[in-house]
Structures are given as C-alpha cells and as structure tokens.
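Everything below concerns the one structure shown next.
Excluded from the calculations below are hydrogen atoms, water molecules and symmetry mates; all remaining heavy atoms, backbone and side chain alike, are included. Note on naming: letters A, B, ... go to the chains in the order of the sequence lines (proteins, then strands), and numbering restarts at 1 for each one.
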Amino acid sequence: MTHILQVFVISEKVLVTAALPYANGLLHIAHVRSTYLPADVFSRFLKATGRDAIYICASDDHGTPIEVNAAKRGVSPEEHVAFFRKKQVRDFKDLGIEFDFFSRSSGKVNREFSDFFFNTLKEKGFIEEREVLHRFCPKCKRFLPDRFVKGTCPFCGAFDQYGDGCEECGKIYRPVDLLDPKCAQCGTVPVEKAGKHFFFKLSSFSGKLKSWLESNNALQSEVKNYALKWIEEGLEDWDITRDAPYCGFEIPGEKDKYYYVWFDAPIAYFSSVAQWAKEKGVEFDGFVSGDAKIYHFIGKDILYHHYLFWPAMLLGVEKFSLPFAIPTRGHGLLAGKKMSKSRGSFITVEDFLKEFPADYLRYYWSATTSYSMQDGSFFWGDFQRRVNDDLANTLGNFVNRTLVFVKNNFDSKVPEILKPRQLAGAEKEFDAAISRVAGDVFSAMDSGDLKKGLEVLMDFVRECNKYFNDSKPWQLVKEGKDSSASVSVSLCAKAVATVAVLAFPFVPVSSRDIWSQLGFSSELEKVKWGSLKSLSVGGLVIKNPKPVFKKIEDSVIKKVSRDLGGA
RNA sequence: AGCGGGGUAGGGCAGCCUGGAGUGCCCGUCGGGCUCAUAACCCGAAAGCCGGUCGUUCAAAUCGACCCCCCGCUACCA
C-alpha cells in the first residue's frame with residue numbers, strides 16, 4: 001500500500017500547539033529546537049498533506065518572575081510582557097514559525113475560559129479550599145514562594161539555599177521547611193501566616209489518568225513511563241492559588257487571590273483557538289472536542305503539566321478532547337552545555353539571525369533532533385558542516401546543476417517529460433524513485449519522526465545526484481543525443497520540483513526560491529503532496545539560476561562562535 | 001538516593017520494541033572516476049571485540065540479571 005494515497009482521504013481537524021513562550025526574556029535557539037520548530041514543521045506537513053490543521057500559540061504573560069522582573073525594570077507587568085512579547089513575535093516571524101494565531105494568556109478570552117474551567121471544576125467538587133501555612137515577609141508585604149526565601153537546608157545543613165530545594169544535597173522540600181529563613185529580596189525574617197488556598201484535586205484523577213496514558217498509543221512510551229511513575233508514587237493535590245502581589249487573573253469572588261500561572265497557561269491553547277475561530281468565522285468545537293486530533297508540542301521540562309495536570313483538568317471539565325499526542329523533545333545544548341545566561345552560553349534567536357538565514361537553523365535542528373527526550377547539542381563546526389555539505393553541496397548543487405544545464409542546453413526551457421511506460425532502465429527506476437519519495441517521507445513524518453523524514457528526503461537528493469552523474473547528460477549533448485539528454489534532464493527537473501515541495505516544511509524560504517527558480521509562478525505552499533504525481537514541469541522556463549545556499553566560511557564560524565559563545 | 005535517557009569505526013547518528021553474519025547513514029582519512037554544477041558530484045577502500053561481566057538461545061548490538069561511565073529530571077523555578 002502506498003501512504004500517499006491516504007493523503008487524499010485525510011480530512012480530519014488537527015490542532016497543533018507549541019508550549020507558550022514565557023514573556024520574560026528573549027527566545028534562544030534551544031527553545032526553537034524542542035518546540036517551536038518541530039511544531040511548525042509538523043503543521044506545515046499536515047497542511048501540505050491535506051489535513052485541516054491549525055498551529056496555535058500564545059504568550060505566557062503571568063507568574064511571579066514576570067511580576068518581580070517588571071518591578072526590577074521599573075515598569076508595569078503589562079509593559080514588561082509587551083516588551084518581550086513583541087520581540088518574540090518578531091523572532092518567530094523571522095524564523096518562519098508561522099502560527100495561524102498567536103494570542104496572549106492574559107487576554108480577556110483566556111480569562112473567561114479560565115473562569116469557566118475553575119467554576120466547572122469547583123462545581124464538580126474537584127477544587128476545594130484549604131488553609132495553608134506560608135512564609136510572609138512583613139517588609140515586602142508578600143508571601144514568599146520557593147525562590148523568594150533563602151535559608152539553611154533542613155537535611156544537610158547547607159547555608160544560603162533556596163526555598164524549593166537544596167543545591168548541595170539535591171533534596172526537595174517546601175519553603176516552610178527551610179531553617180533560619182530570610183526573605184531573598186530584603187533579608188527580613190519572614191513570619192508564618194495562614195491563608196486560604198484553592199486546591200485542584202489532582203489525586204482523584206490518578207485512575208483516569210493512568211488508563212488514559214496506558215491506552216493512548218500515540219504518546220511516546222518513554223514519556224508515558226515517566227508520567228506513570230509519578231502516578232504510581234501518588235499524585236498530590238495541586239495548589240492553584242497565589243496571593244497578591246501576583247501577575248495573573250484574580251479568582252472570581254476572591255480578593256488578592258490569583259490563579260497560579262500554570263492553571264491558566266494551558267487553557268490559553270483553547271481560548272486562542274476560540275479567538276482564531278471567531279476571527280475566521282469558522283467553528284471552534286471541531287478543533288478542541290469530538291474527533292479533533294490535538295498535538296501539544298513541548299520541551300521535556302514541562303511534561304508534568306501536559307501529561308498530568310492539563311489532562312486531569314480536561315477530564316474534570318468533560319467538555320473537550322484529551323491530547324492525541326504530546327510530542328516531547330529534549331533540550332538544546334550549546335556544545336554539550338546547558339544554555340544559560342550566567343554561563344555566557346546563550347544564543348538568542350535575534351543574534352543568530354543577524355548572521356545566518358533562518359533556514360540554516362531550521363535545517364540543522366531538524367536534522368539533529370530526534371523524536372525523543374534526548375538532549376542535543378548545537379556545535380558550530382557541525383552546523384557549518386551540515387549547511388555546507390548537506391544544504392549547499394548536496395541539495396543546492398543538485399538544484400543548481402540541473403537548472404544551469406537546462407539553461408545552457410535547452411534554452412532555459414524544461415523538456416517535456418515522458419510517461420513512465422515510455423521509460424526504461426535507469427530512467428524508469430529514477431522516475432519510480434521520484435514517485436516513491438513523497439510516500440516515504442510521509443510515512444516517517446506522519447508518525448512524528450520529522451528527523452527521519454528529512455533523512456529520507458536527503459537520501460533521495462543523493463540518489464538524484466547519483467542519477468545525474470550516471471546518466472551523463474553533458475556527454476549526451478556533446479554526442480548530439482539531445483533527446484536522450486532531455487529525458488534525463490526532465491526527470492531531474494521533476495525531482496527538483498518534488499524536493500522543493502517536500503523540503504518546504506523544513507526550509508520554507510529556500511524551497512520557495514527553488515520553486516521560483518524552476519519557473520513556477522504558483523504558490524508552493526498550496527501544492528499538496530498528494531498531487532505530486534501529476535505535477536508537470538515540462539515547458540517551465542528557468543529563471544536565472546543561482547545558488548540557493550551559500551556556504552559558510554571557516555572565518556565566519558570562528559568569529560561567530562567567539563562572539564555568540566559555544567566555541 | 002530514586003527515576004528517565006544514553007554508552008555502536010576518529011567525530012555525529014540510525015538499528016534495539018518484533019533476536020539471524022556489524023546491517024546502515026552523514027562527516028573525516030586514503031585511492032579512483034567525472035568535468036553539467038556552489039573546487040561541487042559519483043565510485044571504491046581502510047577503520048568497530050555494538051561500555052563491562054554473566055545468563056537465555058542453534059543464533060544476542062538486539063532479550064534477562066548485575067556492574068561501570070555520561071547526561072537529565074525530581075511538582076508551588078514556564
């Protein structure tokens with residue numbers, strides 16, 4: 001059976017989301033690797049294969065760090081969020097990350113959705129009030145969550161540890177357990193103060209979560225095991241309340257009580273869809289309930305929220321579909337080390353794109369990021385190698401040698417292509433390979449293995465180069481066998497068109513370049529993979545061919561790795 | 001400490017679930033071919049005790065046990 005046939009009959013609605021970027025800093029290239037790029041590649045793939053897919057995201061505007069950092073900068077949380085959100089939106093655009101809608105978690109619609117979730121869960125008895133003891137700084141007039149209190153580790157006695165865990169012995173504890181506590185901001189000794197908090201009864205969903213995880217085969221098994229382990233150890237109910245001052249939505253009917261940021265953040269996936277649907281004038285329900293296929297792309301750091309908390313909320317509300325898959329990828333490292341500001345190993349998207357085209361980064365991460373929780377490094381040398389060898393020498397050169405050949409020997413006009421039954425030998429084989437490749441790439445990518453899909457595509461391009469070499473059209477032309485040469489060249493041109501279409505999800509800008517150099521005036525993104533078989537290249541007029549990918553010089557790598565880090 | 005992931009030619013990886021000659025990919029090295037093309041492309045060769053030990057099996061990179069090393073995670077830090 002050929003998968004490509006299925007492409008015609010797939011008409012399902014698919015919602016693709018990417019983890020909400022926290023509006024508290026600049027995007028760096030590791031963020032791109034685990035979440036935004038794979039989700040973008042996948043949604044482009046879905047659209048190109050006939051699915052009714054949308055790619056939705058939003059800025060995450062809430063939480064303590066935003067409130068605190070805004071105060072540090074002397075601006076309001078709203079201004080702080082707007083500042084970073086704007087930069088992130090620009091970075092996404094420059095990277096070719098094309099959301100159908102990019103909302104904000106602090107928006108009006110998300111507030112309505114959050115209240116709906118809260119009220120529904122409360123009515124159903126899944127949210128209850130409890131008195132809890134927290135440390136309160138009388139000078140700052142605020143409750144001190146985890147990182148806001150410092151003191152001595154109750155286990156090993158290490159000094160100057162944060163409230164959430166000890167960096168010396170690795171033990172985890174609550175802020176109230178910390179000995180000799182002090183406010184991390186002002187050094188004042190905090191007092192213990194009781195307050196009313198709302199708890200989401202996560203523990204009561206253990207059974208349902210377990211069976212959902214176990215029965216859902218689209219979830220990665222490695223991540224599933226991870227989540228199941230947590231259930232086995234016993235889920236704790238989840239404190240979804242934060243006290244003022246807090247940057248978030250105030251809980252209805254309460255004073256100075258806010259939803260914890262992780263309560264309203266995932267809800268923004270759906271509220272954003274609602275906004276998109278309203279703007280487009282289409283139905284909202286189809287993408288979030290019933291048979292909708294929902295994919296949440298995330299980095300491994302937030303898998304608890306997406307494999308446990310969020311599904312439990314959905315199970316409680318009983319209105320929406322549970323995620324179909326939650327593609328979870330590992331983190332991007334810089335030459336084996338965590339990207340972190342303090343260590344100076346932190347490459348922002350902005351800085352990166354000043355030096356290189358977005359497609360270079362898109363290709364590099366796509367080619368090196370497996371569908372797993374495995375971390376992966378960015379190496380400058382490897383990056384250069386991938387760009388120069390894979391993109392320029394293998395892909396770019398195949399395109400270029402084909403187009404230049406048409407220009408020089410066929411008056412820039414692609415010869416008419418023969419029907420498969422008119423072909424024989426190597427030509428017939430190559431034609432079959434061209435017909436086969438879309439299905440092969442499709443199979444890999446449809447299962448979520450984007451890296452494999454790209455590998456299959458690159459293998460095909462190598463096969464193209466081999467065919468070009470073996471069929472020696474330049475020799476045929478010299479011998480006056482123009483018609484034989486035209487058969488080879490027309491097949492290569494068809495291969496180029498096929499590659500442009502299949503590479504589009506990965507390197508959209510470059511693919512468009514190839515497409516237009518080939519002489520197409522149509523829009524590449526409208527071409528469905530299922531229609532590749534009937535794609536006609538004969539008669540196309542080649543525009544002035546020029547290399548699609550420029551190679552990166554050693555000196556540039558040297559300079560950039562020194563300036564941006566990771567040398 | 002527990003849990004998760006990893007340890008496969010000089011480097012980077014796939015293969016492992018569903019055992020079948022180390023099967024394979026990219027780069028590097030060495031040799032050859034080609035000259036259409038971005039000094040690109042193609043072919044060939046050298047190079048691995050598949051982290052270690054023990055087991056199961058006719059057969060183990062693949063399954064099981066134990067051990068060693070690396071990385072990560074451990075809920076109110078997105």
Side-chain angles (χ1 to χ4, degrees), chain A residues 19-25 31 60 62-66 105 132 134 143 145-148 162-165 169-172 174-175 197 199 202 221-223 225-227 229-230 232-233 235-242 260-262 265 298-305 308-309 330-331 333 336-338 367-368 370 372-377 379 381-382 385-386 388-394 396-409 451-452 455 458-459 462 464-478 485 488-489 492 545-551:
Chain A
L20 310 188
Y22 203 45
N24 187 38
H31 291 128
D60 184 0
H62 292 153
T64 308
I66 284 177
S105 71
V132 289
H134 278 297
F143 284 94
D146 42 275
R147 292 260 148 168
F148 284 74
Y162 283 112
D164 54 345
C169 69
K171 284 256 175 37
I172 304 300
R174 294 168 304 159
H197 271 208
F199 279 75
L202 183 64
S221 55
E222 50 172 346
V223 193
N225 293 340
Y226 212 103
K229 195 74 192 171
W230 274 71
E232 220 172 90
E233 287 169 3
L235 296 174
E236 280 179 34
D237 292 338
W238 185 33
D239 186 349
I240 54 168
T241 313
R242 291 298 178 274
Y260 170 49
V261 55
W262 267 114
I298 62 168
K300 66 177 185 180
D301 51 332
I302 52 175
L303 69 89
Y304 301 107
H305 309 90
L308 300 173
F309 304 166
H331 288 158
L333 311 174
K337 288 181 189 143
K338 239 181 180 172
T368 56
S370 59
S372 75
M373 287 210 284
Q374 180 105 341
D375 292 341
S377 274
F379 293 105
D382 195 36
R385 215 252 334 133
R386 290 266 180 194
N388 291 359
D389 200 81
D390 296 359
L391 287 181
N393 293 347
T394 302
N397 184 49
F398 172 65
V399 171
N400 196 236
R401 70 199 295 206
T402 301
L403 301 192
V404 170
F405 198 89
V406 171
K407 186 188 172 220
N408 292 343
N409 298 285
K451 182 186 168 201
K452 181 83 180 296
E455 277 168 8
M458 288 307 293
D459 283 345
R462 290 185 189 97
C464 292
N465 269 317
K466 179 172 161 49
Y467 172 76
F468 200 109
N469 264 55
D470 292 348
S471 65
K472 299 183 175 58
W474 61 89
Q475 209 175 71
L476 295 170
V477 166
K478 275 181 197 159
S488 300
V489 170
C492 287
K546 51 180 188 300
V548 178
F549 303 102
K550 282 204 191 74
K551 283 188 221 174

Run the side chain to side chain contact (heavy atoms under 4.5 Å, CB included) test against Ser372(A) and tell me which residues pass, sequence neighbours left out. Glu222(A), Ser370(A), Gln374(A)

Residues which pass side chain to side chain contact (heavy atoms under 4.5 Å, CB included) with Ala265(A), listed by chain and number, not counting sequence neighbours: Leu20(A), Asp60(A), Trp262(A)

Detail all sub-3.5 Å separations between protein N/O atoms and N/O atoms belonging to nucleotides 6-13 of chain B.
unit_1 : atom_1 : unit_2    : atom_2 : d
C13(B) : O2'    : Lys451(A) : NZ     : 3.2

What is the distance from atom CZ of Phe309(A) to atom CG of Leu303(A), rounded to the nearest 0.5 Å? 10.0 Å

Taking atom OG of Ser377(A) and atom NE2 of His331(A), what is their separation to the nearest 0.5 Å? 13.0 Å

Can you tell me how the ring of Phe468(A) sits relative to the ring of Trp474(A), calling it parallel under 30°, perpendicular over 60° and tilted otherwise? parallel

Report the relative orientation of the aromatic rings in His197(A) and Phe199(A); use parallel for angles under 30°, tilted for 30 to 60°, perpendicular for over 60°. tilted

Whole-Å [atom1] distance, [N] and [M]:
N: A9(B); M: C25(B); atom1: P; answer: 15 Å
N: C27(B); M: C3(B); atom1: P; answer: 41 Å
N: U57(B); M: C13(B); atom1: P; answer: 36 Å
N: G31(B); M: A46(B); atom1: C1'; answer: 10 Å
N: U62(B); M: C50(B); atom1: P; answer: 10 Å
N: C66(B); M: G28(B); atom1: P; answer: 43 Å

For the side chain of [X], starting at C-beta, report the closest nucleotide among [options].
X: Asp459(A); options: C25(B), A40(B), C41(B); value: C25(B)
X: Arg242(A); options: U38(B), C76(B), C41(B); value: C76(B)
X: Asp390(A); options: C26(B), C73(B), C36(B); value: C26(B)
X: Asn397(A); options: C42(B), A37(B), U38(B); value: A37(B)
X: Ala392(A); options: A37(B), C42(B), U38(B); value: U38(B)
X: Asn393(A); options: A75(B), U38(B), A37(B); value: U38(B)

Just how far, in rounded Å, is [atom2] of [N] from [atom1] of [X]?
X: Trp230(A); N: C73(B); atom1: CH2; atom2: P; result: 13 Å
X: Leu303(A); N: A75(B); atom1: CG; atom2: P; result: 12 Å
X: Lys407(A); N: A37(B); atom1: NZ; atom2: C1'; result: 13 Å
X: Lys550(A); N: A40(B); atom1: NZ; atom2: P; result: 17 Å
X: Lys300(A); N: C73(B); atom1: NZ; atom2: C1'; result: 7 Å
X: Lys551(A); N: C41(B); atom1: NZ; atom2: C1'; result: 11 Å
X: Leu333(A); N: G5(B); atom1: CG; atom2: P; result: 18 Å
X: Phe398(A); N: A37(B); atom1: CZ; atom2: P; result: 15 Å

Taking any heavy-atom pair under 4.0 Å as a contact, classify [X]: base, sugar-phosphate, or nothing.
X: Gly63(A); result: nothing
X: Val548(A); result: base
X: His197(A); result: nothing

Shortest non-hydrogen contact from [X] toward [Y]:
X: Val477(A); Y: Ala485(A); value: CG2-CB, 3.8 Å
X: Arg386(A); Y: Ala367(A); value: NH1-CB, 3.8 Å
X: Pro545(A); Y: Leu403(A); value: CB-CB, 3.8 Å
X: Leu308(A); Y: Trp230(A); value: CD1-CB, 4.0 Å

Pairs: protein N or O with nucleotides 32-34 of chain B N or O, under 3.5 Å:
unit_1 : atom_1 : unit_2    : atom_2 : d
G33(B) : N2     : Asn469(A) : ND2    : 3.3

Could you pick out which residue, Tyr22(A) or Leu391(A), lies toward the 5' side of RNA chain B when each is mapped onto its nearest nucleotide? Leu391(A)

By nearest nucleotide on RNA chain B, pick out whichever of Arg462(A) and Ile302(A) is the more 5' one. Arg462(A)

Is RNA chain B part of any stem, that is, at least 3 consecutive Watson-Crick or G-U pairs with both distances under 3.5 Å, and where? B:1-7 with B:68-74, B:10-14 with B:23-27, B:29-33 with B:41-45, B:51-55 with B:63-67

Hits for side-chain hydrogen bond (donor to acceptor under 3.5 Å, both in side chains) against Asp375(A), two or more places apart or cross-chain, chain-then-number order -> Lys300(A)

Could you tell me whether a side-chain N or O of Asp389(A) sits under 3.5 Å from a main-chain N or O of Arg385(A), the two making a donor and an acceptor? no

Can any side-chain N or O of Tyr22(A) pair as donor or acceptor with the backbone N or O of His62(A) at less than 3.5 Å? yes

